[in-house]
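Working notes for the structure below.
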Amino acid sequence: MGEFKVHRVRFFNYVPSGIRCVAYNNQSNRLAVSRTDGTVEIYNLSANYFQEKFFPGHESRATEALCWAKGQRLFSAGLNGEIIEYDLQALNIKYAVDAFGGPIWSMAISPHGSQLLVGCEDGSLKLFQITLDKIQFERNFDRQKSRILSLSWHPSGTHVAAGSIDYISVFDVKSGSAVHKMLVDRQYMSVSKRKCIIWGVAFLSDGTVISVDSAGKVQFWDSATGTLVKNHLIANADVQSIAVSDQEDSFVVGTAEGTVFHFQLVSVTSNSSEKQWVRTKPFQHHTHDVRAVAHSPTALISGGTDTHLVIRPLMEKVEVKNYDAALRKITFPHRRLISCSKKRQLLLFQFAHHLELWRLGSTVATGKNGDTLPLSKDADHLLHLKTKGPENIICSCISPCGSWIAYSTTSRFFLYRLNYEHDNISLQRVSKMPAFLRSALQILFSEDSTKLFVASNQGSLHVIRLLEGSFKHLHTFQPQSGTVESMCLLAVSPDGNWLAASGTSAGVHVYNIKHLKLHCTVPSYNFPVTALAIAPNTNNLVIAHSDQQVFEYSIPDKQYTEWSRTIQKQGFHYLWLQRDTPITHISFHPKRPMHILLHDAYMFCIIDKSLPLPNDKTLLYNPLPPTNESDVIRRRTAHAFKISKIYKPLLFMDLLDERTLVAVERPLDDIIAQLPPPIKKKKFGT
C-alpha cells in the first residue's frame, strides 16, 4: 500500500439535520426524506440506496409533510403555509402555492393520485386538484375546532380520516362534511392528560381507522359506527408516526423513545380465517424520537431526531439473502462537503449557512509505522464565511492554489479572491456576477486555478477564466438534445484539456476544453455515478457507480481500457460488492500511474492495476501475509486491492503530496453529543 504520513482531521464540526418526514414511492422504488432544515433528499432504493438527488434547505421552510403523486411528482408542505412541487429533472422548486389556512401540518394524496388534501392550523381541510403542470384549489371541507395534524384517505377515495387534538374526524369527500367524530381517551398511564394529540392516522380498506397519539397508544376504530374496537398501549411517551403496507397486512409505528414497533395481521388459530392485529417485533435502532416511518414491500424505514435513516429488511419478504437483507443506517450525505487546496494545505468545510477555512497543522517529529506524531504547529481556523439570507449552501470549492473560494445558494453565486500576507488573510468579493451564474449545483476549479467550471440546474456547463480579482466568460456547454438534466458531478484533467460531467440519469459526458466542444459520451450504465476523476498523463476517466462497480474509460481512445474490460470479465470480489456506502472520492498518485485511490465512509482503498485481481476465495481485507513470510510468498498472495479501515466515518480523504494524506473523520459519538437529550428510560437494575 505504501507508507504515508496522514493528517487525521476531526475538527469538522458537522451535524446532519434531523429527519422530519419520509415518503416511499412504490412505482419508482424511491424514498423522499425531508429534514428539519428544509432539505429534501431522494434515495434510489434500487441503486443500492444511493442519495441521487437533493434540494437544499431554507430557514423559512419547515417541512411537515411529504408525499408522491401520480407520475412520480413530489410535493411538500410546511409551517410557512405553502405547498411546494419539486422539479426532479432540473433539481429546483417548480412552484409554491399558498393554501391560505396558516401553517400546514399534514398532507395526503388521493389513492388515484389526482387530488391533494392539506390540513391546516386554522382547522380547515383544503382539497386541490392536481393538473398537468400545477395544482388548482377545488374546495374546503367543514372546518374543525383545532389544527389538523394527520390525514389518511380511504383506498376507495370516498372518505378521509383526519387526526386533530382529542378527536378523529371522518369526512365524506363528495360533500366535504364530517360524518363521524371519535373522541380519544386522554388517559395516560392511569393519569388524565390535558390534551391527547393524534400524531398519525391510517384508513384501511375494511373501514378500520388506526390512530397513534401522544398518550403512547395505538388504537383501532370502526369508521362506520365511530366506536373504538381495540387499544394497544405500547410506549410511555408519544407514538409519533405510522405507515401501512400496500397489502394492509402489516404496519409500523415509531415512538418518542426511539423504538419502532411492527404490527402484523395474523390468524387467531391455525385453521381459522379470522385475523387480528398483533404487535410482533420491536426494534431499537434510534436513540431519539422516531418522527417518520415508511413501509416498503421488503423493508421498514424510519428516521428521526438522531439524524439516521434506518432501513430494516423484512427477512420473510427478502427472496435472496444478499446485502439487500442487511440492516442499513445512512447518516452522512452521499456528496462531498469538503474541498482541499493541496498547495497551501487548506481545507474548506461546507455547513448549511457558512464555510470554514482551516490550515492543517504540521510536525517535525519522525516515527515508525503506526506512531502518532505530536504537532509542532496546530491547525489554524483562518476564515468563517457566513452567507446572507435564509437559503442553504448547495455547493462550494476552494481552488488548488488556495486563492479562490466559490459557493452557491439557490438564487446567488459567490466568488471570492483570497490574499495571504504572513499570517493574515484578506477576502475580496468578485462583484457583478452575470445573470447566467445565478445558481450552481456543482463547482470545480482547474488544476492550475486559472479556470472555473460551473454546472447550473438548467443542465448547462459554464467555463470561466479567472483573472486577478475578476473573470471572463469563455463558453457555455448546453445540455444535450434539449434536455434539462442537471449535472451533479464534475472532474477535470490535470492538464486542463478535458472536463467530465455526470448527470442524474447515470450518463457521463466528456468535453474538450481546448476546442470547447463535446468530445464523447461514455456508454450509459444502469446505476448512478457516485464519483469520477481523470488520471494524469493517460487521461483515463475512472467512474464509480452506486452498485460498487468501477470503470476506467480512455478519453483519447473513446473506449474502456484493457484493465477495465478485464475486471468486468472476472468480476469484483463479493465482499467489495456488498459494501453499503458509495465511493465519494477518487484520486491518483502523482508518481505511481498504476495506483487508483478511492474511499467511501468506512474504508480507504488503493487499487494497484499492476497486481492480479482477487477472486472470491481470496481474503479481500487482509491481502498481505505476516512480515516474517518470504518475499516470494508475499508477492504470490498479494492482489490489487489494498484496503484500510482505520479511518471512519470518513467524509474526505485525498493526497496532499506523494507522501502525505489528509483524512477527515466525523465520529458518530461527537454528533450524538450535540443532539438534544433523549427521553430517559428506566433500565432493569437501576
Side-chain angles (χ1 to χ4, degrees), residues 21 64 105-106 108 119 144-152 154 160-170 178 180-204 206-245 248-266 275-284 286 288-295 300 302 304-305 678-682:
C21 31
E64 286 291 322
W105 290 95
S106 53
Q144 303 303 295
K145 291 180 180 178
S146 60
R147 63 179 67 140
I148 308 299
L149 291 162
S150 50
L151 288 170
S152 180
H154 187 272
V160 169
S164 194
I165 297 173
D166 289 334
Y167 62 89
I168 302 162
S169 303
V170 177
H180 282 296
K181 186 175 281 190
M182 301 172 283
L183 291 173
V184 179
D185 188 6
R186 294 182 180 182
Q187 288 290 114
Y188 170 74
M189 303 293 286
S190 304
V191 178
S192 182
K193 292 188 80 176
R194 194 172 56 190
K195 289 179 180 177
C196 185
I197 300 167
I198 314 301
W199 288 119
V201 289
F203 213 149
L204 305 186
D206 62 0
T208 302
V209 175
I210 309 171
S211 67
V212 296
D213 58 42
S214 59
K217 302 189 298 290
V218 176
Q219 295 185 313
F220 298 83
W221 305 83
D222 186 337
S223 65
T225 58
T227 55
L228 179 66
V229 177
K230 200 169 184 182
N231 181 35
H232 287 267
L233 181 64
I234 64 167
N236 295 328
D238 298 45
V239 185
Q240 296 182 313
S241 47
I242 181 171
V244 182
S245 68
E248 296 186 356
D249 57 354
S250 77
F251 69 88
V252 57
V253 298
T255 72
E257 296 172 326
T259 311
V260 173
F261 290 98
H262 188 204
F263 284 76
Q264 289 177 283
L265 193 62
V266 297
K275 294 186 174 183
Q276 66 177 9
W277 288 102
V278 176
R279 187 176 73 192
T280 53
K281 305 182 193 96
F283 304 117
Q284 188 77 44
H286 296 275
H288 292 65
D289 305 40
V290 180
R291 301 294 303 273
V293 290
H295 198 312
L300 306 179
S302 56
T305 309
I679 291 176
K680 284 191 175 180
K681 289 188 287 187
K682 183 170 175 60

Listed by chain and number, what are the side-chain contact (heavy atoms from CB on, under 4.5 Å) partners of Ser211, not counting sequence neighbours?
Ile168, Ile198, Val201, Gln219, Trp221
So, using side-chain contact (heavy atoms from CB on, under 4.5 Å) as the criterion, who are the partners of Gln264 when residues are at least two apart?
Ser250, His262, Val266, Thr280, Lys281, Glu316
Are any side-chain N or O atoms of Ser169 and backbone N or O atoms of Ala161, one a donor and one an acceptor, separated by less than 3.5 Å?
no
With sequence neighbours left out, the residues meeting salt bridge (Lys or Arg N to Asp or Glu O under 4.0 Å) with Lys181 are none
side-chain hydrogen bond (donor to acceptor under 3.5 Å, both in side chains) partners for Ser164, two or more places apart:
Ser146
Check whether Asp289 reaches the backbone of Arg291 with its side chain - one donor and one acceptor, N or O, closer than 3.5 Å.
no
Could you list the residues that satisfy side-chain hydrogen bond (donor to acceptor under 3.5 Å, both in side chains) with Ser150, not counting sequence neighbours?
none
Partner set under side-chain contact (heavy atoms from CB on, under 4.5 Å) for Ser223, not counting sequence neighbours:
Val170, Phe203, Val209
side-chain hydrogen bond (donor to acceptor under 3.5 Å, both in side chains) involving His154 - partner list, sequence neighbours excluded
Ser156
Leu228 side chain near Met182 side chain, heavy-atom distance below 4.5 Å
no
Quick one: side-chain hydrogen bond (donor to acceptor under 3.5 Å, both in side chains) partners of Trp105, sequence neighbours excluded?
Glu121
Mind checking ring-ring contact (aromatic ring centres under 6.0 Å, His included) for Phe263 and listing every partner two or more places apart, or none if nothing turns up?
His232, Phe251
So His286 and Ser302, do their side chains get closer than 4.5 Å, heavy atoms only?
yes
side-chain contact (heavy atoms from CB on, under 4.5 Å) with Thr255: which residues, sequence neighbours excluded?
Ile234, Ala235, Val239, Glu257, Thr259, Phe261
